[in-house]
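Written out below as structure tokens is the structure these notes cover.
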Amino acid sequence: MNTNKLTNETVKAAFDAWQNGDSKTFLSCFTAEAKLYDDGSPRNFQSFVKEACGHERFTSIEKVENEGKDITGNFHTESWGDFKTYFKFSIGADGKVYRLDIGQAK
């Protein structure tokens, strides 16, 4: 998959780790207190990464917005199949992600 659209270094590192099922590297892009919101509802971030990383992945990138921090594309999960989704990364001054919003895109 072409990831040239990913211009934010932190997002690209997290995205590449996610795609490769590398939860350790993925988590290293986040603060220890990172928050996860799934379709607007709070969710346990650590549990999500443990359950999904290596089992879910983007199959294409449709668009990248918000200075490279918002990704929308086609997504594959072993349990739910294929659908369009978004990952929106909120990055602090330290360069670490402190909030990840995910959900089904329209």
Side-chain angles (χ1 to χ4, degrees):
M1 175 186 334
N2 183 351
T3 59
N4 290 340
K5 294 179 184 179
L6 303 178
T7 57
N8 182 289
E9 286 184 31
T10 302
V11 170
K12 182 158 179 15
F15 185 89
D16 288 344
W18 182 266
Q19 291 296 102
N20 291 320
D22 182 354
S23 61
K24 183 176 180 181
T25 300
F26 182 76
L27 289 169
S28 75
C29 298
F30 290 79
T31 64
E33 306 81 25
K35 304 290 182 201
L36 172 67
Y37 291 84
D38 188 347
D39 283 325
S41 298
R43 189 167 167 196
N44 184 294
F45 177 68
Q46 296 291 330
S47 294
F48 166 72
V49 174
K50 185 177 182 179
E51 294 165 10
C53 191
H55 302 283
E56 301 181 359
R57 69 188 180 288
F58 279 87
T59 56
S60 68
I61 299 172
E62 188 173 292
K63 62 184 171 179
V64 179
E65 300 174 306
N66 188 22
E67 300 174 343
K69 295 179 280 192
D70 298 352
I71 301 169
T72 303
N74 293 310
F75 200 72
H76 174 77
T77 70
E78 293 174 359
S79 56
W80 299 104
D82 299 315
F83 53 92
K84 190 183 294 187
T85 196
Y86 64 83
F87 275 31
K88 295 181 179 186
F89 297 83
S90 298
I91 302 172
D94 61 357
K96 297 270 188 176
V97 180
Y98 63 88
R99 177 177 171 149
L100 177 62
D101 287 88
I102 64 171
Q104 192 162 351
K106 296 177 172 55

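Side chains included, hydrogens not; waters and symmetry mates left out as well; all remaining heavy atoms used.
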Closest approach of Ala17 to Cys53 (non-hydrogen atoms, all atoms of both residues): O-SG, 4.4 Å

Side-chain donor/acceptor of Ser23 to backbone N/O of Val49, under 3.5 Å: no

Using distance only, find each side-chain donor-acceptor pair of residues 65-75 under 3.5 Å and give its atom names and separation, not counting sequence neighbours.
unit_1	atom_1	unit_2	atom_2	d
Asn66	ND2	Asp70	OD1	3.4
Asn74	ND2	Ser60	OG	2.9

Non-neighbouring partners of Asp22 that pass salt bridge (Lys or Arg N to Asp or Glu O under 4.0 Å), sequence neighbours left out: none

Derivation and outcome, side chain to side chain contact (heavy atoms under 4.5 Å, CB included), residues Asp94 and Thr31: CA-CA 9 Å; Asp94 61 357; Thr31 64; 4.1 Å; yes

By side-chain hydrogen bond (donor to acceptor under 3.5 Å, both in side chains) - contacts of Thr59 (at least two apart): none

Straight-line distance of Arg57 CZ to Gln19 CD, nearest 0.5 Å: 7.5 Å

Counterpart residues, ring pair (Phe, Tyr, Trp, His ring centres under 6.0 Å), relative to Phe30 (two or more places apart): Phe26, Phe45

Atom pair CD (Glu9) and CD1 (Ile91), whose distance is rounded to the nearest 0.5 Å: 10.0 Å

Which residues share a side-chain hydrogen bond (donor to acceptor under 3.5 Å, both in side chains) with Thr3, sequence neighbours left out: Lys12

All side-chain hydrogen bond (donor to acceptor under 3.5 Å, both in side chains) counterparts of Lys5, not counting sequence neighbours: none

Near-ring test Phe15/Phe87, centroid separation under 6.0 angstrom: no

Listed partners of Lys88 passing salt bridge (Lys or Arg N to Asp or Glu O under 4.0 Å), at least two apart: none

Tyr86: ring pair (Phe, Tyr, Trp, His ring centres under 6.0 Å) partners, not counting sequence neighbours: none

Partners meeting side-chain hydrogen bond (donor to acceptor under 3.5 Å, both in side chains) with Ser79 (sequence neighbours left out): none

Heavy-atom closest pair, residues Cys29 and Ala14: SG-N, 3.6 Å

Heavy-atom neighbours of Lys35 NZ exceed 12 at 6.0 Å: no

Intermediate values then yes/no, side chain to side chain contact (heavy atoms under 4.5 Å, CB included), Leu6 and Ile61: CA-CA 9 Å; Leu6 303 178; Ile61 299 172; 4.2 Å; yes

Residues forming a side-chain contact (heavy atoms from CB on, under 4.5 Å) with Ser41, sequence neighbours excluded: none

Do any side-chain atoms of residues 98-106 form donor-acceptor pairs under 3.5 angstrom with protein atoms, and if so which ones, sequence neighbours left out?
unit_1	atom_1	unit_2	atom_2	d
Arg99	NE	Asp101	OD1	2.8
Arg99	NE	Asp101	OD2	3.4
Arg99	NH2	Asp101	OD2	3.0

Residues in salt bridge (Lys or Arg N to Asp or Glu O under 4.0 Å) contact with Glu62, at least two apart in sequence or another chain: Lys84

Verify same cluster id: Phe48, Phe83 (apolar side-chain graph, 4.5 Å): yes

